[in-house]
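Working notes, beginning with the structure itself.
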Amino acid sequence: MDFLSGFVAIIGPPNSGKSTLLNRFLGQKVAITSPKPQTTRNRILGVHNGDGYQIAFVDTPGIHRTRSRLHKSMVSSAKASLQEVDIILLVVGLGEAGHRDEVIDVVRLLKKTARPVLLAINKIDLIKKENLLPLIESYDTLGCFDSIIPLSALYGDGVEILREELRKRLSAGPQFFPPDMVTDKSKGFLIAEVIREKIYYATRGELPYSSAVVVEEIEDDKKRNLLKVRAVIYVEKASQRGIILGKGGSLIKTIGKNARLDLERMFSAKVYLELFVKVEKNWTRDSRSLRKLGY
Ligand code: GDP
Ligand code: MG
């Protein structure tokens, strides 16, 4: 039988549980690599290796911003990103009003793609069974999804069904990534990505593309199961530094805390995270450790 592979875009509003789902999916085998040529616009979040198949989960820049104020350029960049993937996985949670209104613009965009679109309704552990069916129906009426999978990323219910739904939509293709790529280099990459994401959420995407996160030092204290990380957020203007720091340094504190919590879950270790913000006009763009901020 042919080896099956595919790129899956994982998208959805903040807090819907994308990271949790990804971690659950990847288990301990978090494999983060630098993007391959196949994904010029998208960044690889992780690679799942199954029996005879491989799924590369990617983040699609631009798509997160399609909510409200739809700029033409953003829509076209989101569309271009989506063209590079094989399957789209939209993850929604059960926010107060549900995430349905939040994703409506994205749904409009997804309707136009020829790719299969799966919807994961996450956090079903928080909802009564009788309330689930109407919720599924309300998403179904949008006429966008090839499959709707209710699940709980936190507890694992439904995740196997999602795995199967994804697997059966893969096509014959190469193993894009070696099955085991967990190295210290990828650790730095992963940490930078997490910090980047938290900055993005905390600043509501206000920061420009010219910002970057550099992980300068990782000290892995295996005896104490402690990961000590020092990272620098580079910005180009003092005003941007102010945005990241927030009032009395409150925002950087939040960013650091949220990043630390994610990292502790990811590495199953205690994480000690030191974050600095530096203003530097022309930080080196070619360093591999630099990750551009803009989605
Ligand atoms: P992201 O912003 O989409 O990456 O969301 P996260 O994965 O960071 O999750 C946001 C919050 O929702 C975290 O506090 C998670 O623990 C929580 N969460 C994620 N999945 C579930 C779930 O299935 N059930 C419940 N009760 N909480 C969840
Ligand atoms: Mg996340």
Side-chain angles (χ1 to χ4, degrees), residues 8-26 30 42-43 45-46 48 55 57-68 74 78 81-82 85 87-111 113 115-128 131-132 134-142 144-163 165-166 193-205 254-255 257-259 261-263 265-266 295:
V8 175
I10 181 160
I11 61 176
N15 274 322
S16 61
K18 299 178 296 298
S19 301
T20 310
L21 182 60
L22 204 58
N23 288 342
R24 160 77 52 182
F25 222 97
L26 303 176
V30 178
N42 303 323
R43 56 193 186 109
L45 296 172
H48 169 67
I55 300 173
F57 289 98
V58 303
D59 186 31
T60 54
I63 192 116
H64 301 279
R65 293 196 185 176
T66 56
R67 209 170 2 126
S68 70
M74 283 177 188
S81 297
L82 291 175
V85 302
I87 302 168
I88 295 148
L89 174 63
L90 175 62
V91 181
V92 295
L94 305 169
E96 293 82 60
H99 275 142
R100 196 173 173 277
D101 295 340
E102 272 187 71
V103 298
I104 214 81
D105 285 336
V106 170
V107 164
R108 210 166 285 147
L109 185 68
L110 294 179
K111 269 188 170 177
T113 75
R115 311 277 184 272
V117 181
L118 308 187
L119 176 73
I121 302 180
N122 188 27
K123 309 196 187 185
I124 55 162
D125 54 286
L126 297 177
I127 193 175
K128 285 204 189 100
N131 295 333
L132 186 57
L135 187 67
I136 293 174
E137 272 164 13
S138 79
Y139 278 106
D140 200 26
T141 54
L142 297 174
C144 175
F145 307 109
D146 294 274
S147 176
I148 298 178
I149 306 113
L151 54 83
S152 168
L154 200 59
Y155 296 104
D157 311 86
V159 174
E160 277 313 309
I161 297 170
L162 172 64
R163 196 191 306 275
E165 290 288 320
L166 288 172
E193 294 293 273
V194 169
I195 297 169
R196 208 168 74 104
E197 181 192 82
K198 300 310 170 196
I199 296 169
Y200 179 78
Y201 287 154
T203 61
R204 296 165 207 277
T254 305
I255 293 167
K257 182 175 164 239
N258 291 342
L261 291 174
D262 260 25
L263 294 172
R265 263 197 316 213
M266 271 176 201
Y295 271 70

* Carefully, step by step, assess Val58 and Val85 under the rule side chain to side chain contact (heavy atoms under 4.5 Å, CB included). => CA-CA 8 Å; Val58 303; Val85 302; 3.4 Å; yes
Contact check, side chains of [X] and [Y], non-hydrogen atoms, under 4.5 Å:
X      : Y      : value
Phe145 : Asp140 : no
Ser147 : Ile149 : yes
Leu151 : Ile161 : no
Ile87  : Leu166 : yes
Asn258 : Tyr201 : no
Leu162 : Phe25  : yes
Arg265 : Thr20  : yes
Val194 : Glu197 : no

Locate the shortest heavy-atom distance separating [X] from [Y]; write the atom from each residue and the value.
X      : Y      : result
Lys18  : Ile11  : CD-C, 3.7 Å
Leu89  : Ala120 : CD1-CB, 4.0 Å
Leu154 : Arg24  : O-NH2, 2.7 Å
Gly93  : Ser16  : N-CB, 3.6 Å
Asp125 : Ser152 : OD1-OG, 2.8 Å
Asn122 : Leu94  : O-CG, 3.5 Å

Measuring from atom [atom1] of [X] to atom [atom2] of [Y], what distance do you get when rounded to the nearest 0.5 angstrom?
X      : Y      : atom1 : atom2 : result
Ile10  : Leu90  : CD1   : CG    : 9.5 Å
Lys257 : Lys198 : NZ    : NZ    : 11.5 Å
Ile255 : Thr203 : CD1   : OG1   : 6.5 Å
Ile121 : Ile127 : CD1   : CD1   : 8.5 Å
Leu132 : Glu137 : CG    : CD    : 10.0 Å
Ile136 : Asn131 : CD1   : CG    : 11.5 Å

* Around atom CG of Leu261, are there more than 12 heavy atoms of other residues, nucleotides or ligands at under 6.0 Å? ->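 Yes, enclosed.
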* Take Val92 and Tyr139 through the test side chain to side chain contact (heavy atoms under 4.5 Å, CB included) and record every step on the way to the result. => CA-CA 10 Å; Val92 295; Tyr139 278 106; 3.5 Å; yes
* To do: Determine the sole option in Leu142, Val103, Leu82, Leu119 for which the side chain to side chain contact (heavy atoms under 4.5 Å, CB included) test with Leu110 is passed.
  =>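 That would be Leu82.
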